[in-house]
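So the structure is just underneath, and the comments pick up after that.
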Amino acid sequence: MRGRMFWSLLLLAGCAEKAPPAAPPPPDDRVIATVDGQPILQEDVSPATRMEIFRRELDVYTLLTTEVERMVDERLLAAEAARRGRDVEALLAAEVDEKVVPPTAAEVDAAMVEQGAPEAARPRVELYLAERARIQRRLDFMASLRGATKVEVKLVAPEPPRMPVDITGAPSRGPASAPVVLVAFLDWRSPMSAKCAQNLARVMEAHPGQLRLAHRSVLRGGDELGLGAAILAEMADEKGLFWTVHDALLLRPTAWSQADLHDVARQVQVEPERLDAARQDPTWLMRMKKAMGRVQEAGVTAPPVVYVNGRWFGGTFGYEQLDRVVQEELQRAQGAQR
Amino acid sequence: MQVRVVMVGVMTSALLSGAALAQNKDPRLKPNRLSSVGDSITEAINAEEYNLFNPINPNHWASYANGYHGFWEWLLGRTDVRSHNQRITANFGSKSRANYMEGVSGADSYDLSPQMQQSVSHQATYVPVLMGHNDVCQNGFSDIPTDAEFEANVRAGLDRLRAGLPNGATVYVQAIVDIYKLYQLGDQLQSLGLIDCPTIWAATLLNIYPCGTMLSPTNSEADRQFTRGRNIAFNNILQALVAEYNANDSHHYYEFTDATFQYQFTPSQVSGFDCFHPSASGQRELSRVTWQTGPFSSYTK
């Protein structure tokens, strides 16, 4: 809504300068500019820009959410204090401070054993127990006030944008006509990317014939082996053997080494010496730079990330969450067919 | 309550006598010789780049204090954080410039004294201090220092600066960032389905350096708020000591800001790699708010 208002104001400002003779038709709220009357739509902006806009919307939502919580507490306390004919400080003193029982020596002893604290840390443990009891009492009191009041928060989290992620030239598996396309942005060496690749393999198996999986490599500074893997993957892709490299490096249970990389290179008929030389070859380095450009275009800064029919999915989440998103997209695709 | 009254009393008298003393202080030196004291936030850990082989990866170009934007940063498209270092050059020129980072990841108040001794060795004229996150962020609650311990550590450090910095130097102490807010952001990113921060914390931060007092999945809300209470208590100590030293040392300037604690970090300002440290965008904001509330705020280049 805020976005629409902003664009409407922007267009109105433009209209004010040129003052058309007749009132124009109400502007389409998706149009952000026109060139010789041809519209540029809000959804035409690059995926990276759309992602950045979403991040800003999320920032605003987060600020308001935090503020709302504080203000609700403030109002509940003020109302309760007024009801009892005292100020908020007196109310909290009566309901929190005066009702907290200091920890006993036995409780402190038990906590010290539990925390493995040395005798010298006794004052710290006493402080912790006393303060935590006071805080818990206040939390309980606030919960009781909330329970007795109708609190309705109307803020709505912004929806991540559904983005057209370009998979031209990306290696993929699964039918081209699959109703759900997953684009995985993975780096070759991180355990989290490997875990994500394993979840993707599992979800592909769970929905045979219905999913297409495309891969984009993400490089990280100083990761020579990751660079080597990304180059090998492209070399293998030219021979139709990308997934051999993918499965050998990302679906293995343990981390891999330079020797493992060379073994995989031999499996896809690439001489290890040629692979090592490619890491210094400007032609290959420019190809890698271009590949990283595609990662940036998709708004990916921290892999693993998976786009599911253009929907952002944080690749650190588990299999169940991934499968849920996939099922939602399958249902959506079925609904669109009807 | 009694403690608060006493502290306010100390601060009021300190500020009053400080105002009188300010007339007699040595002329303030230009902040050309910068020496930052701090921890992983000063080192800009994981702000913009993550290293698989060193999960505590310093991104010094993105440090709010010492950051820079040279050829490689330009070439690789790194964020220009407009650090204190850069602002000093812009406002005071590059002549006699020095840019030292004494901050080390994992450092806490016990490291103030050695780090500040380094600042003395470097004859710093400007010492921004952002320390205490690892006092709050510990393995367990019994590891968090008491007020007395924290105060003693800060005094030990400030005593070294008082004894060794060139006359006219400025010490700028910044409040410990509100770690609870950083935790809340991570929690929210997970609930919105964007990043599974608890998984990342478990896989990175918790295994490498401690912040169990805020991030441990076994913590109750009361536990986290206790930790936040310690965060606030330490900031009160920092503020009171800065006022005291400024009032009693005619050779040096001591200033404090709580803008770092008050700052509301947003999701894009938190590292996507560890869901906890400020991102490059967050570091840029740290630099902006601390400069604008700091001793050289009238220098706006």
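The chains referred to below are lettered A, B, ... by the order of the sequence lines, with proteins before strands, and numbering in each begins at 1.
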Please determine, among Arg230(B), Gln269(B), Gln188(B), Gln190(B), the option with the most heavy-atom pairs under 4.5 Å with chain A.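 The option with the most such pairs is Gln188(B).
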Can you tell me which of Leu185(B), Asp223(B), Thr146(B), Asp143(B) forms the most heavy-atom pairs within a distance under 4.5 Å of chain A?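 Heavy-atom pair counts peak at Asp223(B).
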Nearest 0.5 Å, please: how far is [atom2] in [Y] from [atom1] in [X]?
X: Ser268(B); Y: Met51(A); atom1: OG; atom2: CE; result: 11.0 Å
X: Leu127(A); Y: Asp147(B); atom1: CG; atom2: CG; result: 7.0 Å
X: Phe226(B); Y: Leu129(A); atom1: CZ; atom2: CG; result: 8.5 Å

Relative to the ring of Tyr128(A), is the ring of Phe141(B) parallel (under 30°), tilted (30 to 60°) or perpendicular (over 60°)?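 Parallel.
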Short question: side chain of Arg124(A), backbone of Ile144(B) - any donor-acceptor pair under 3.5 Å?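 Checking the backbone N and O of Ile144(B) against the side chain of Arg124(A), a donor-acceptor pair under 3.5 Å is found.
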Do any of residues 134-147 of chain A come closer than 4.5 Å to chain B, heavy atom to heavy atom, and if so which ones, in number order?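 The list, in residue order, reads Ile135(A), Gln136(A), Leu139(A).
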Thr62(A) vs Gln184(B) side-chain heavy atoms within contact, under 4.5 Å: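 No, side chains not in contact.
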Please check if the number of heavy atoms outside Glu159(A) that lie under 6.0 Å from its CD is greater than 12.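 No, the 6.0 Å shell around CD holds no more than 12 heavy atoms from other groups.
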Heavy-atom pair with the smallest gap, counting every atom of Ser142(B) and Ala121(A):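 Distance-wise, the nearest heavy atoms are O-CB, 4.0 Å.
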Between Leu63(A) and chain B, which part of the residue has a heavy atom less than 4.5 Å away: side chain, backbone, both or neither?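 Contact with chain B: side chain only.
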According to ring pair (Phe, Tyr, Trp, His ring centres under 6.0 Å), who are the partners of Phe261(B), at least two apart in sequence or on a separate chain?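 Not a single residue meets the ring pair (Phe, Tyr, Trp, His ring centres under 6.0 Å) criterion with Phe261(B).
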Scan side-chain atoms only and decide if Asp59(A) and Thr266(B) contain a donor-acceptor pair under the 3.5 Å cut-off.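 Indeed, the side chains of Asp59(A) and Thr266(B) share at least one donor-acceptor pair under 3.5 Å.
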Of the listed residues (Arg132(A), Gln321(A), Arg55(A)), which shares the most heavy-atom pairs with chain B below a 4.5 Å separation?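 Option with the top pair count is Arg132(A).
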